[in-house]
Amino acid sequence: MVGKIILTWQQHRDLVSIAKNSLPEESCALLVGKNKGKEVYIADLIPMKNSDSSALSFSIDAQDLIDTYQKVEEQGMQVVGIFHSHPAEPLPSQTDKKFMEINPVVWLIYSTLTDKSKAYIFEDEIKEVDILHIME
Ligand SMILES: [Zn+2]
């Protein structure tokens with residue numbers, strides 16, 4: 001049961017920059033770190049190319065994903081979350097919900113419209129996860 005995702009304010013600012021620099025398209029990034037009980041700690045962000053080039057959806061090229069997961073594992077880390085941005089409210093779309101079920105890590109969504117972030121995870125059903133921003 002994951003209840004909280006913990007990232008630094010700097011990481012938050014970096015994600016906001018990734019999202020704003022990708023406008024009008026959705027942006028995405030992999031969140032690398034560790035699961036400690038109910039908490040997920042983010043150590044690193046890996047910006048990924050949105051191969052949909054879309055303002056309504058995102059996807060990551062399969063080979064890009066395989067290569068990145070391999071690099072992360074070689075560093076003894078784990079992909080513990082997926083970040084993407086919405087030009088709308090930070091609520092999961094139907095497509096997001098489908099992929100959350102397939103990939104049950106924390107999904108962090110940032111809204112370029114409202115400047116708000118929300119996080120979710122699929123555990124039997126989609127649940128909201130608290131976000132905690134910390135100093136470095
Ligand atoms: Zn989405």
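The structure presented is a predicted model; accordingly, all values stated were derived computationally and were not measured. Order of appearance sets the numbers: ligands from 1, and atoms from 1 within every ligand.
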Problem set entry | Presence of N, O or S from Glu26 under 2.8 Å of the Zn ion (ligand 1) | no
Exercise. Quick one: side-chain contact (heavy atoms from CB on, under 4.5 Å) partners of Ile126, sequence neighbours excluded?
Worked result: Lys97, Met100, Tyr120, Phe122
For this session: Go through the structure and list residues passing side-chain contact (heavy atoms from CB on, under 4.5 Å) with Ile131, not counting sequence neighbours.
Result: Ile5, Leu7, Leu108, Ser117, Ala119, His133
For this session: Check all N, O or S atoms of Asp96 and name the one closest to the Zn ion (ligand 1).
Result: OD2
Exercise. Which N/O/S atom belongs to His86 and is the closest one to the Zn ion (ligand 1)?
Worked result: NE2
Exercise. Hey, are Tyr110 and Asp115 close enough side-chain-wise for a donor-acceptor pair under 3.5 Å?
Worked result: yes
Exercise. Take atom CZ in Phe99; do more than 12 heavy atoms of anything else shown fall under 6.0 Å from it?
Worked result: no
